[in-house]
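Before any comments, here is the structure.
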Amino acid sequence: MEGLTQPHWWILNHVAGAPEQWTRISLTAKLSPFDRQDTDFEAVYADLASRGWIAETGGRLTLTEAGEEGRQRATARNLKVHEQMHNGVETADYVTTLNVLRRMIANLGGNSDLP
C-alpha cells in the first residue's frame, strides 16, 4: 500500500483530468464540501509533492510521470475492489441504486455531485 487517502485520490484524478487548470486554492474549494474528515489539504499537497507526484508551475498543478504511475497503480487496486464489490450485482441494478441514492441526497438538500 502506498498510504493514499481518498483526498489523495481526488487530487490525483482532478489534476490528471485537467493539467494546469487547478491551483491548490481552487481544487481545495472544489473538494472541501465532500470532505467529512477535516482533511488538511495543504498536508496532502505537500505529501504528493514530497513523493514527486505533483508539480506546480505558476501555481498550477500537474502530475509528474511518477504521479501518473502512482495514480495508475491506485486505479488498478480500485478496480479490483470495484470488481469484488459488484460481483453478482447487475449493472442496471447498480445504476438504479446510485440514482435512488442521489435523489434521496437531493431531497434532503445535499449535493450528490461527487468529486
Side-chain angles (χ1 to χ4, degrees):
M1 292 299 288
E2 296 188 70
L4 298 179
T5 64
Q6 189 170 33
H8 283 87
W9 178 247
W10 290 341
I11 290 168
L12 290 170
N13 279 300
H14 277 76
V15 173
E20 297 183 21
Q21 173 185 325
W22 298 104
T23 64
R24 289 182 184 213
I25 292 170
S26 65
L27 188 50
T28 300
K30 166 73 175 173
L31 300 176
S32 291
F34 303 99
D35 177 43
R36 301 291 182 251
Q37 298 178 15
D38 296 320
T39 298
D40 178 354
F41 281 95
E42 283 303 315
V44 179
Y45 294 119
D47 179 52
L48 291 170
S50 73
R51 294 171 189 238
W53 288 20
I54 61 170
E56 289 182 82
T57 304
R60 302 286 175 173
L61 299 166
T62 58
L63 286 189
T64 64
E65 186 175 320
E68 179 57 21
E69 290 168 359
R71 190 182 76 81
Q72 290 298 323
R73 287 190 303 274
T75 298
R77 282 193 305 277
N78 285 348
L79 182 57
K80 287 179 185 178
V81 171
H82 179 83
E83 289 170 352
Q84 181 182 6
M85 185 173 56
H86 289 234
N87 186 25
V89 177
E90 296 295 326
T91 299
D93 293 338
Y94 176 74
V95 170
T96 297
T97 299
L98 286 182
N99 287 336
V100 168
L101 292 172
R102 286 184 176 131
R103 170 72 346 220
M104 291 170 73
I105 290 167
N107 288 346
L108 295 172
N111 179 354
S112 63
D113 180 26
L114 298 174

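Below, each value reflects all heavy atoms present in this structure, side chains not excepted, and no hydrogens, waters or symmetry copies.
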Flag yes if more than 12 heavy atoms outside Glu42 fall under 6.0 Å of its CD atom; otherwise flag no.
->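 Count over threshold, so yes.
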State the [atom1]-[atom2] distance between [X] and [Y], to the nearest 0.5 angstrom.
X	Y	atom1	atom2	result
Leu79	His86	CG	NE2	10.0 Å
Glu2	His8	CD	NE2	10.5 Å
Arg103	Ile105	CZ	CD1	10.5 Å
Glu68	Gln72	CD	CD	4.5 Å
Leu12	Leu4	CG	CG	6.5 Å
Ile54	Tyr45	CD1	OH	7.5 Å

Nearest heavy atoms of Gly52 and Ala66, plus distance in Å =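 Scanning both residues, the minimum pair turns out to be O-CB, 3.8 Å.
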So, for Pro33 and Arg36, which heavy atoms are closest and what is the spacing to 0.1 Å?
->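 Heavy atoms only, the tightest pair is O-NH1, 2.6 Å.
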Got a donor-acceptor contact below 3.5 angstrom from the Thr28 side chain to the Ile25 backbone?
->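 No, the answer is negative, given that no donor and acceptor are paired below the 3.5 Å cut-off.
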Please confirm whether the backbone N or O of Thr23 pairs with a side-chain atom of Ser26, one donor and one acceptor, at under 3.5 Å?
->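 Indeed, once roles are kept as given, a pair shorter than 3.5 Å links the two residues.
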When you look at Asn13 and Arg71, which way does the side chain to side chain contact (heavy atoms under 4.5 Å, CB included) test go after all the steps?
-> CA-CA 8 Å; Asn13 279 300; Arg71 190 182 76 81; 2.9 Å; yes
Would you mind checking if Lys80 and Glu83 are paired as a salt bridge, meaning a charged N to carboxylate O distance below 4.0 Å?
->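 Not counted as a salt bridge, because no side-chain N and carboxylate O are separated by less than 4.0 Å.
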Sequence neighbours excluded, every pair satisfying side-chain hydrogen bond (donor to acceptor under 3.5 Å, both in side chains) that has a member inside residues 55-67 |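 Every side-chain hydrogen bond (donor to acceptor under 3.5 Å, both in side chains) pair that includes a residue of residues 55-67, provided the two are not neighbours, is Arg24-Glu56.
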Give the C-alpha distance, both sets of side-chain angles, the deciding distance and a yes or no for side chain to side chain contact (heavy atoms under 4.5 Å, CB included) between Leu27 and Val15.
-> CA-CA 9 Å; Leu27 188 50; Val15 173; 3.9 Å; yes
Please report, to 0.1 Å, the donor-acceptor pairs under 3.5 Å made by any side chain of residues 88-100, with sequence neighbours excluded.
residue: Thr96; atom: OG1; partner: Ala92; partner atom: O; Å: 2.9
residue: Thr97; atom: OG1; partner: Asp93; partner atom: O; Å: 2.9
residue: Asn99; atom: ND2; partner: Val95; partner atom: O; Å: 3.4

Cluster overlap Phe34 with Val44, hydrophobic side-chain contacts below 4.5 Å =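 Looking at the clustering, Val44 is in the same group as Phe34.
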Quick one: ring pair (Phe, Tyr, Trp, His ring centres under 6.0 Å) partners of Trp22, sequence neighbours excluded?
->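 Here the qualifying residues are His14.
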Does a side-chain heavy-atom distance below 4.5 Å link Asp35 with Leu31?
->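 No, their side chains stay 4.5 Å or more apart.
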Classify the ring geometry between Trp10 and Phe41 as parallel (under 30°), tilted (30 to 60°) or perpendicular (over 60°).
->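 Taking Phe41 first and then Trp10, their aromatic rings lie parallel (interplane angle under 30°).
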